[in-house]
There are 2 protein chains.
Amino acid sequence: MSKIKETSTNFANKQALANECLEVYSTNIIGGQWSLPICYALLSGKLRFGEIKKVLPNITERMLTLQLKKLEKNNVLTRKIYAEVPPRVEYELTTIGYELKPIIKELENWAIKHKKIV
Amino acid sequence: MSKIKETSTNFANKQALANECLEVYSTNIIGGQWSLPICYALLSGKLRFGEIKKVLPNITERMLTLQLKKLEKNNVLTRKIYAEVPPRVEYELTTIGYELKPIIKELENWAIKHKKIV
DNA sequence: TACGGTACTAACAAAAATGTAAGTAATGTC
DNA sequence: GACATTACTTACATTTTTGTTAGTACCGTA
């Protein structure tokens with residue numbers, strides 16, 4: 001989410017591909033390095049910022065923030081802020097967010113099969 | 001496939017994630033910008049280098065080469081060279097390559113659902 | 001008044017992915 | 001001998017993604 005250059009070839013290619021290939025439309029949304037792990041963690045219910053961090057100990061706060069923002073912008077999850085001090089923010093998958101489950105399932109299945117042959 | 005730095009934090013993170021999250025194991029393999037479109041094209045049967053290029057008019061020869069190499073290295077497809085001039089090279093999905101189909105299917109399903117809500 | 005806790009933000013740096021432009025080999029055809 | 005064809009390779013440039021480090025605001029508690 002460092003701002004992207006909307007005049008670049010890469011940007012144009014991504015757009016064009018997403019229009020023609022539905023798979024790419026999806027991977028453009030859930031394709032970041034940490035997106036799927038975050039969604040996976042949230043599949044079992046809403047979590048606070050710090051709780052997600054605990055589940056993914058290697059993620060930096062910056063990356064977590066960026067990916068959460070992107071996912072929120074794409075309606076994959078919602079952000080709920082409580083007016084407390086210290087702050088409390090809860091992240092929860094939307095309906096369509098929960099529907100990532102079959103994708104994750106198939107990715108897992110494939111990984112298992114693939115590991116067998118390597 | 002510009003050579004990656006095996007001492008980088010990013011490299012370590014990818015490894016660790018792939019070990020803990022099967023989804024990431026898979027996306028590390030099929031995650032490039034052009035990987036899924038290439039595999040999609042090959043789902044209907046083997047194709048020559050130039051034929052893939054026709055299906056994906058915006059891909060550069062460099063990217064196509066790189067992604068094909070990566071996919072081959074990961075046993076997703078095979079490369080068959082014919083000793084002819086001009087050269088002829090055919091790419092074909094392996095068994096596990098063909099098994100990407102359900103993943104692609106679910107990604108497509110999700111894209112359709114997602115488009116409805118946006 | 002200093003400190004802890006939470007969820008961030010900002011400036012900068014490094015790495016990774018992608019794109020651009022040009023060139024190569026081999027051989028058959030004109 | 002020049003040219004076309006095919007599947008690449010190479011050197012370099014740009015863009016995108018990810019990582020590093022150091023902050024910030026708020027308020028209750030010691």
Side-chain angles (χ1 to χ4, degrees), chain A residues 1-17 24 27-38 46-54 56-72 77 79-91, chain B residues 1-17 24 27-38 46-54 56-72 77 79-91:
Chain A
M1 302 262 293
S2 17
K3 49 217 78 126
I4 54 178
K5 202 165 193 180
E6 307 206 349
T7 55
S8 72
T9 306
N10 183 262
F11 181 78
N13 281 345
K14 268 191 189 149
Q15 296 286 92
L17 272 179
V24 177
T27 54
N28 276 353
I29 293 175
I30 55 170
Q33 173 151 201
W34 301 97
S35 291
L36 280 181
I38 291 171
K46 61 184 163 193
L47 291 175
R48 296 178 61 174
F49 186 87
E51 290 173 326
I52 302 177
K53 240 179 65 184
K54 254 172 236 156
L56 301 170
N58 293 323
I59 198 171
T60 61
E61 302 197 337
R62 181 178 127 77
M63 283 316 295
L64 184 48
T65 304
L66 286 178
Q67 304 271 329
L68 286 170
K69 264 189 189 160
K70 184 179 173 192
L71 291 170
E72 189 196 1
L77 50 78
R79 190 174 113 102
K80 194 168 177 187
I81 312 158
Y82 293 84
E84 302 173 1
V85 169
R88 180 157 67 103
V89 181
E90 282 179 353
Y91 292 92
Chain B
M1 303 265 295
S2 14
K3 48 216 81 125
I4 55 178
K5 202 166 192 178
E6 307 206 349
T7 55
S8 73
T9 305
N10 184 263
F11 181 79
N13 281 345
K14 269 192 188 149
Q15 297 284 94
L17 272 179
V24 176
T27 55
N28 277 353
I29 294 175
I30 55 170
Q33 174 151 197
W34 301 97
S35 291
L36 280 181
I38 291 171
K46 61 183 162 193
L47 291 174
R48 296 179 59 173
F49 186 87
E51 291 173 326
I52 303 177
K53 239 179 67 183
K54 255 173 234 153
L56 301 170
N58 293 322
I59 198 171
T60 61
E61 301 197 338
R62 181 178 127 79
M63 282 317 294
L64 183 49
T65 305
L66 286 178
Q67 304 271 329
L68 286 170
K69 264 189 190 159
K70 184 180 172 190
L71 291 169
E72 190 197 1
L77 50 78
R79 190 174 113 104
K80 193 170 177 187
I81 311 158
Y82 294 83
E84 302 174 3
V85 169
R88 181 158 65 104
V89 181
E90 282 179 352
Y91 293 92

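Proteins get letters first, then strands, A, B, ... in listed order; numbering begins at 1 in each. Just so you know, these numbers use all the heavy atoms, side chains as well, and skip hydrogens, waters and symmetry mates.
- Among the protein residues, K14(B) comes within range of the sugar-phosphate backbone only, with heavy atoms under 4.0 Å from sugar or phosphate atoms but none that close to a base.
- Between R88(A) and dA7(C), a side-chain N or O to OP1/OP2 separation shorter than 4.0 Å is absent.
- Projected onto DNA chain D by closest heavy-atom contact, G50(B) and G32(A) fall at different nucleotides, the more 5' of which corresponds to G50(B).
- The CD1 atom of I81(A) sits 18 Å away from the P atom of dA25(D) (whole-angstrom rounding).
- Interatomic distance, I4(B) CD1 to F11(B) CZ, rounded to the nearest 0.5 Å: 5.0 Å.
- Proximity of S8(B) to the phosphate of dA16(C): a side-chain N or O atom is located under 4.0 Å from OP1 or OP2.
- Between the CD atom of Q67(B) and the C1' atom of dT9(D) there is a distance of 16 Å, rounded to whole Å.
- Of the candidate nucleotides dA16(C), dT6(C), dT20(D), dT20(D) has the atom nearest to the side chain of T60(A).
- The side chain of E61(A) has dC8(C) as its nearest neighbour among dT6(C), dT5(D), dC8(C).
- Nearest nucleotide to the side chain of F49(B), out of dT6(C), dA7(D), dG19(C): dA7(D).
- Taking only side-chain atoms of W34(A), from C-beta outward, the nucleotide of dT6(D), dA16(C), dG19(D) with the closest atom is dG19(D).
- Looking at heavy-atom distances under 4.0 Å, Q33(B) makes contact with sugar-phosphate atoms alone, never a base.
- Closest approach to the K5(A) side chain among dA7(C), dG5(C), dT15(D) is made by dT15(D) (side chain taken as heavy atoms from C-beta onward).
- In this entry the distance linking CG of L56(A) with C1' of dT18(D) reads 15 Å, nearest Å.
- dA7(D) atom P lies 14 Å from atom CD1 of I59(B), rounded to whole Å.
- Rounded to whole Å, atom C1' of dT6(C) lies 14 Å from atom CG of L68(A).
- Applying the 4.0 Å criterion to OP1 and OP2 of dC8(C), one finds that R79(A) has a side-chain N or O inside that range.
- Here the straight-line distance linking atom CG of N13(A) with atom CD1 of I59(B) works out to 9.0 Å at 0.5 Å rounding.
- Counting non-hydrogen atoms under 4.0 angstrom, T65(B) reaches a base of the nucleic acid.
- Between M63(A) atom CE and dA16(C) atom C1' there is a gap of 12 Å when expressed in whole angstrom units.
- Atoms CG and CD, on N28(A) and Q33(B) in that order, are 7.5 Å from each other to the nearest 0.5 Å.
- With dT5(D), dT9(D), dA11(C) as the choices, the nucleotide that has an atom nearest any side-chain atom of R62(A) turns out to be dA11(C).
- Dashed line: the shortest gap from a side-chain N or O of T9(B) to OP1 or OP2 of dT20(D) is under 4.0 Å.
- The CD atom of E51(A) lies 12.5 Å from the CG atom of L56(A); values are rounded to the nearest 0.5 Å.
- A side chain to side chain contact (heavy atoms under 4.5 Å, CB included) with R62(A) is found for exactly one of T65(A), T60(A), L64(A), namely T60(A).
- Looking at the side chain of Y91(A), the nearest of the listed nucleotides dT9(D), dG19(D), dC8(C) is dC8(C).
- Between E72(B) atom CD and dA7(D) atom C1' the separation is 14 Å, expressed in whole Å.
- With the nearest nucleotide of DNA chain C identified for both E6(B) and N13(A), E6(B) has the one nearer the 5' end.
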- request: Dump the intermediate steps for side chain to side chain contact (heavy atoms under 4.5 Å, CB included) on V89(B) and R79(B), then the final yes or no.
  value: CA-CA 7 Å; V89(B) 181; R79(B) 190 174 113 104; 3.7 Å; yes
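- Taking atom NZ of K53(B) as the reference point, atom P of dT5(D) lies 12 Å away to the nearest angstrom.
- The side chain of P86(A) has dT6(C) as its nearest neighbour among dT6(C), dT18(D), dA7(D).
- For N10(B), the side-chain atoms get nearest to dA16(C) when compared with the rest of dT6(D), dT6(C), dA16(C).
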